[in-house]
Amino acid sequence: EAGVAQSPRYKIIEKRQSVAFWCNPISGHATLYWYQQILGQGPKLLIQFQNNGVVDDSQLPKDRFSAERLKGVDSTLKIQPAKLEDSAVYLCASSLGPTSGQETQYFGPGTRLLVL
Amino acid sequence: GDSVTQMEGPVTLSEEAFLTINCTYTATGYPSLFWYVQYPGEGLQLLLKATKADDKGSNKGFEATYRKETTSFHLEKGSVQVSDSAVYFCALSDRGSSYKLIFGSGTRLLVRP
């Protein structure tokens, strides 16, 4: 069974530029998560989708970050314009669903972003 | 709100030594508890999990027991290998938070030959 796929693996941009990350979850997984992991810290949730609807985006900086999950499968996370403090690893995860017994999340390899 | 606290690293051990990484949590509901491992340059891999009190999760020689009375989920391994060198994250999820994962800050383990 294929795991969670993410691209690109690495990205270097200058501040005020825009960037987009792509994620394809495990087949059949209804719930998709984007996390931000700053160096030396644990990941923090940015946004959670259930199929193509948003469940939780309370920690997403909506003035610069946006995300969508068209057709309830793959997802794109965008930053525009980027700031220096956005340098981090962006992790995508998926699970069967947001219910007990289905909540285990599986992670992709991440996209490492450096903003100069 | 819910939170997870892990012991700070780095933890440096010799090969075949006994490992304990402490993890305690605060939660209003009845969370599921997880340990994830992150190798250099990679994403998070699920190591083990436990979904209710007194459950023991185990995988690859690692184990952790869900202790509700002490709100703890300590990770243990009887004999570590150099290949176990990585960062270990304790995490919880519960229904009240739509099952998002709340992570500790991670503990780096370095095993010397």
Side-chain angles (χ1 to χ4, degrees), chain A residues 1 3-7 9-10 21 23-26 29-51 53-60 88-112 114, chain B residues 1-10 21 23-27 29-53 55 57 59 66 73 75 86-108:
Chain A
E1 180 183 89
V4 177
Q6 288 188 250
S7 67
R9 290 295 308 275
Y10 305 93
F21 313 128
C23 172
N24 191 40
I26 293 172
H29 280 198
T31 310
L32 185 148
Y33 308 80
W34 284 102
Y35 290 86
Q36 181 191 57
Q37 185 180 18
I38 293 172
L39 187 64
Q41 299 180 17
K44 289 183 170 57
L45 182 74
L46 289 174
I47 189 167
Q48 175 184 349
F49 291 96
Q50 173 66 17
N51 295 310
V54 175
V55 174
D56 183 351
D57 64 356
S58 59
Q59 299 302 308
L60 186 74
V89 177
Y90 291 84
L91 294 164
C92 180
S94 69
S95 67
L96 280 169
T99 58
S100 180
Q102 296 188 330
E103 77 274 30
T104 300
Q105 294 180 33
Y106 299 91
F107 284 79
T111 296
R112 190 174 299 270
L114 179 60
Chain B
D2 295 354
S3 66
V4 174
T5 302
Q6 287 182 239
M7 61 186 289
E8 289 202 16
I21 299 178
C23 170
T24 57
Y25 68 91
T26 302
Y30 299 94
S32 295
L33 302 174
F34 304 84
W35 277 100
Y36 282 86
V37 58
Q38 188 171 39
Y39 298 99
E42 298 185 15
L44 297 171
Q45 296 179 25
L46 178 65
L47 183 58
L48 54 84
K49 68 178 183 180
T51 58
K52 61 183 187 296
D55 268 3
N59 185 27
Y66 190 142
F73 192 55
L75 183 68
V87 180
Y88 292 80
F89 291 93
C90 184
L92 68 80
S93 73
D94 70 52
R95 186 176 61 180
S97 304
S98 300
Y99 295 103
K100 70 180 180 187
L101 282 168
I102 296 170
F103 287 90
S105 56
T107 303
R108 181 175 299 278

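The shown structure was predicted, so the numbers you read here are calculated from the model rather than taken from an experiment. A, B, ... follow the sequence lines: proteins, then strands. Residue 1 opens every chain. Heavy atoms only: backbone and side chains are in, while hydrogens, waters and symmetry mates are out.
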Considering only heavy atoms, which portion of A:Gln6 lies under 4.5 Å from any heavy atom of chain B: side chain, backbone, both, or neither?
neither

Is it true that atom CZ of A:Arg9 has more than 12 heavy atoms of other residues, nucleotides or ligands lying nearer than 6.0 Å?
yes

Can you tell me which portion of B:Lys49 sits under 4.5 Å from chain A's heavy atoms? Options are side chain, backbone, both or neither.
side chain

Can you classify the ring geometry of A:Trp34 versus A:Phe21 as parallel (below 30°), tilted (30 to 60°) or perpendicular (above 60°)?
tilted

With rounding to the nearest 0.5 Å, note down the distance linking SG in A:Cys92 to OH in A:Tyr35.
10.0 Å

Set of salt bridge (Lys or Arg N to Asp or Glu O under 4.0 Å) partners for B:Asp2, sequence neighbours left out
none

For the residue pair B:Phe73 and B:Leu92, establish whether any side-chain heavy-atom pair is separated by less than 4.5 Å.
no

Among B:Gln6, B:Arg108, B:Lys100, B:Arg95, residue most engaged with chain A (heavy-atom pairs, under 4.5 Å):
B:Lys100

Could I get the full list of side chain to side chain contact (heavy atoms under 4.5 Å, CB included) partners for A:Tyr10, not counting sequence neighbours?
A:Arg112

Pairs under 3.5 angstrom only: tabulate donor-acceptor contacts from the side chains of residues 39-50 of chain A to other protein residues two or more places apart or in another chain.
{"unit_1": "A:Gln48", "atom_1": "NE2", "unit_2": "B:Ser98", "atom_2": "O", "d": "3.0"}
{"unit_1": "A:Gln50", "atom_1": "OE1", "unit_2": "A:Thr31", "atom_2": "OG1", "d": "2.6"}

Using a heavy-atom distance cut-off of less than 4.5 Å, which residues of residues 38-46 of chain B contact chain A?
B:Gln38, B:Gly41, B:Glu42, B:Gly43, B:Leu44, B:Leu46

